[in-house]
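Report on the structure given below.
The model shown is predicted, which means the values in this text are computed figures rather than measured ones. Throughout, a chain's letter reflects where its sequence line sits, starting with A, and its residues are numbered from 1.
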2 protein chains.
Amino acid sequence: MTIDTTDLTRRQQEILAFIHQALEAEGRPPTRAEVCRAFGFKSPNAAESHLRALAAKGAITLEEGRARGIRLPGGFPRRSDTFHDTGLPLIGHVAAGNPILAIEHVESRHPVDPALFSPRADYLLRVKGLSMRDAGILDGDLLAIHRTETARNGQIVVARVRDDVTVKTFSARGRLVSLLPANPDFDPITVDTEIEPLAIEGLMVGLIRNGLPN
Amino acid sequence: MTIDTTDLTRRQQEILAFIHQALEAEGRPPTRAEVCRAFGFKSPNAAESHLRALAAKGAITLEEGRARGIRLPGGFPRRSDTFHDTGLPLIGHVAAGNPILAIEHVESRHPVDPALFSPRADYLLRVKGLSMRDAGILDGDLLAIHRTETARNGQIVVARVRDDVTVKTFSARGRLVSLLPANPDFDPITVDTEIEPLAIEGLMVGLIRNGLPN
DNA sequence: GCGCTAACTGTATAAAATAACAGCCAATCA
DNA sequence: TGATTGGCTGTTATTTTATACAGTTAGCGC
C-alpha cells in the first residue's frame, strides 16, 4: 500500500514534508502549534485543516485527543534514509515574516552528514553580514543549525524577533533576553519577552565555509 | 559515546526500555500517563520522578513544558559508520619531519563530500591555536585542504618550514616569502627561499567547525 | 455571477500533559 | 538510630495541545 501523493496540493506536500522532517529532527511528530510556527500561520486552525486534509487523503492518520497524535501510515520512517542521500537543506534568503523552513527557501542540499554535528544538524543557514565576526563567523559561511526552541546563555542561536531573523549569542536574565553580536560595530538587541515575542529557531552546532579567502 | 547504563537501577532500566519501545512502536516518546499505564502506576508522579532520575543520570533529556518532551541524548541512533569509507581523512598531530599524509596520522574519517569544496578537498586538518583568529579560523576548527605545491598571495596555505607545519596567509615578494598570521598577537614568519626551504603542502579551501561555542 | 475548494485568520474551550507539593514505606548505609 | 535513597500514592495548578465554530480571500469551473 503506497501513498498517492499526486493528489496532494503543493501546500499539503509541504506540510507532509515538514512532518517527516520534524520526525527526523525531533524524534516525534509536531503539534499544530509547531506546524504554525514553521509555516508562519497565525491560526492553529490553519494547521488543523491541513492535517485533516492530509488524513482524509490517507497521507497521515490522526489519533483523536492525543498530543502529537500524527502518525505516518506504514510505520515510522527509518532514521537515516531521508537525509542520507540528499544531505542537509540549505536555507537561503530568510525573508522577514516567512517561516524559516518553508520549502520555497530551500536553496539547495549539501551532502553533509547531519551526524557530523552534535546535537545533530537539521539544516544549514547562510550567514549575511559580519555581526558575529569575532566568533569566527564570516559573511557567506554556512551555519549548521539544530532545531530547538530553548537555549542557554552563551550559545549561538537563530532567533526571530518580530519577523526578523538573526544569528546572535543568547543571553537571558529573567524575562529580559539579549542577543549579543560578536563585533563591536554592532549593538546588542534586548527584548522583554513579556512584551515582545522572541522565538528561538535553532542552535548553531557547527559551521562550514567553502571557498578561498576573497 | 554510549550511555553507561550500569548505574541505572533495575526499575530505571525498565522505564528506559519502555521509552525506546514506545519510540519504536508509536514513533514518538510516551507521556507520563502512558508510562503509568504501562507499569500500573497510580500516580503520574511515579513516572515523573523516574524520568527525572533518568535525566539526572544522563540517560534521557527532558524538554521543559513540552508534551512528549522526552529525548534520547545524542539525537538518535548513531550511524556514523555509513560515510566511513567515503569521507575525508582527518589528519591529526602532524609530527615534524613526517609527510603530512602518512596513514599513521589519519585520526579518523569525516563524512564530508570532498566536492563540497572547490577546488576539491583532499584531507582535513585540525587547527591548533588562534594565530588565524581574525580570518575566522578558531582553535579546534577543521580545515579542508586541497593538495597543491603552489600558492598565490593572499591565499591561506598549509606550509612547511624546517619541519614545522603551520597554517598562514601566503605572501611572496620575489625570493622572500612571508607567512602572515591573522592575529596581532603573532608575528609573521619570513623565509628567504634560497636559503631555507619552504614547502607548500596545500591550500585551504574550506572550514568545518563542529560543536557549541566555548 | 454562483457555487465550490484551498488556504487561511481569529476566538474559544475542553482535554491532555507537565510539573509542583506533600506525603508513605522499605531498604540501605553511616 | 537517624539520614538518605528508591519507589511509589494522592492532589492540584498551569501550560500545552487538540479541536470546534465562525469568518475572509482568492482562484477555478460553469
Side-chain angles (χ1 to χ4, degrees), chain A residues 5-19 22-23 26-57 59-71 97-99 102-104 148-150 163 175 193-194 197 199-200, chain B residues 5-19 22-23 26-57 59-71:
Chain A
T5 51
T6 53
D7 61 351
L8 294 181
T9 67
R10 174 180 233 101
R11 201 56 161 164
Q12 283 162 5
Q13 287 179 45
E14 287 176 22
I15 304 277
L16 185 57
F18 172 72
I19 294 169
L23 276 163
E26 313 277 340
R28 59 179 193 218
T31 64
R32 273 68 167 165
E34 284 165 3
V35 173
C36 288
R37 246 169 283 144
F39 286 87
F41 300 156
K42 291 177 182 170
S43 167
N45 190 41
E48 179 71 25
S49 51
H50 274 303
L51 294 178
R52 293 288 175 85
L54 284 170
K57 291 178 179 176
I60 61 172
T61 53
L62 291 174
E63 288 177 275
E64 280 183 23
R66 263 203 165 65
R68 303 181 189 277
I70 302 171
R71 306 181 85 151
N98 284 348
I103 305 289
E104 299 86 45
T148 176
E149 283 163 28
T150 56
D163 288 346
R175 46 188 253 189
T193 51
E194 291 192 3
I200 304 296
Chain B
T5 51
T6 53
D7 60 352
L8 295 181
T9 68
R10 172 176 241 105
R11 201 58 161 163
Q12 283 162 4
Q13 287 179 46
E14 287 175 26
I15 304 277
L16 185 56
F18 172 72
I19 294 168
L23 274 164
E26 313 278 337
R28 58 178 192 219
T31 64
R32 274 68 167 164
E34 284 165 3
V35 173
C36 287
R37 243 169 286 144
F39 286 87
F41 299 156
K42 292 179 182 171
S43 166
N45 191 41
E48 179 72 25
S49 51
H50 275 302
L51 295 178
R52 294 285 176 88
L54 285 170
K57 291 179 179 176
I60 61 172
T61 53
L62 292 174
E63 288 177 275
E64 281 182 22
R66 261 197 172 64
R68 305 182 188 275
I70 302 172
R71 307 183 83 154

Does a salt bridge link [X] with [Y], judged by any charged N lying under 4.0 Å from a carboxylate O?
{"X": "A:R11", "Y": "A:E14", "result": "yes"}
{"X": "A:R68", "Y": "B:E26", "result": "no"}
{"X": "A:E63", "Y": "B:R28", "result": "yes"}

Could you work out which one of [options] sits closest to the side chain of [X]?
{"X": "A:E48", "options": "D:dT17, D:dT19, C:dT9", "answer": "D:dT19"}
{"X": "B:K42", "options": "C:dA17, C:dT11, D:dG10", "answer": "D:dG10"}
{"X": "A:S43", "options": "D:dA18, D:dA20, C:dT9", "answer": "C:dT9"}
{"X": "B:F41", "options": "D:dT9, D:dT17, C:dT18", "answer": "D:dT9"}
{"X": "A:R11", "options": "D:dT17, C:dC8, C:dA20", "answer": "C:dC8"}

At less than 4.0 Å, is any side-chain N or O atom of [X] found next to OP1 or OP2 of [N]? Yes or no.
{"X": "A:R32", "N": "D:dT19", "result": "yes"}
{"X": "A:H50", "N": "C:dC8", "result": "yes"}
{"X": "B:R68", "N": "C:dA17", "result": "yes"}

Categorize A:A46 for me: base, sugar-phosphate, or nothing, with a 4.0 angstrom heavy-atom threshold over every strand shown.
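A:A46: base contact, heavy atoms under 4.0 Å.
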On the 0 to 90° scale, with breaks at 30° and 60°, tag the B:F41-B:H50 ring pair as parallel, tilted or perpendicular.
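It falls in the parallel class, under 30°.
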Record whether the side chain of A:N45 comes under 3.5 Å of the base of C:dT9 through a donor-acceptor pair of N or O atoms.
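Such a pair is found, so the answer is yes.
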Would you kindly check whether a donor in the side chain of B:S49 faces an acceptor in the base of D:dG7, or vice versa, at under 3.5 angstrom?
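Absent.
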Using whole Å, what does the distance between atom [atom2] of nucleotide [N] and atom [atom1] of [X] come to?
{"X": "B:Q13", "N": "D:dG6", "atom1": "CD", "atom2": "P", "result": "14 Å"}
{"X": "B:E26", "N": "C:dA17", "atom1": "CD", "atom2": "P", "result": "12 Å"}
{"X": "A:L62", "N": "C:dA16", "atom1": "CG", "atom2": "C1'", "result": "16 Å"}
{"X": "B:R28", "N": "C:dT18", "atom1": "CZ", "atom2": "C1'", "result": "16 Å"}
{"X": "A:E63", "N": "C:dA17", "atom1": "CD", "atom2": "C1'", "result": "15 Å"}
{"X": "B:R52", "N": "C:dA19", "atom1": "CZ", "atom2": "P", "result": "7 Å"}
{"X": "B:F18", "N": "D:dG7", "atom1": "CZ", "atom2": "C1'", "result": "18 Å"}
{"X": "B:F39", "N": "D:dG7", "atom1": "CZ", "atom2": "P", "result": "11 Å"}

When the nearest nucleotide of DNA chain D is assigned to B:I15 and to B:R66 on a heavy-atom basis, which residue is associated with the more 5' position?
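Here B:I15 is the residue nearer the 5' end.
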Closest approach of B:P29 and A:G27, non-hydrogen atoms and distance?
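So the minimum-distance heavy-atom pair works out to CD-O, 3.8 Å.
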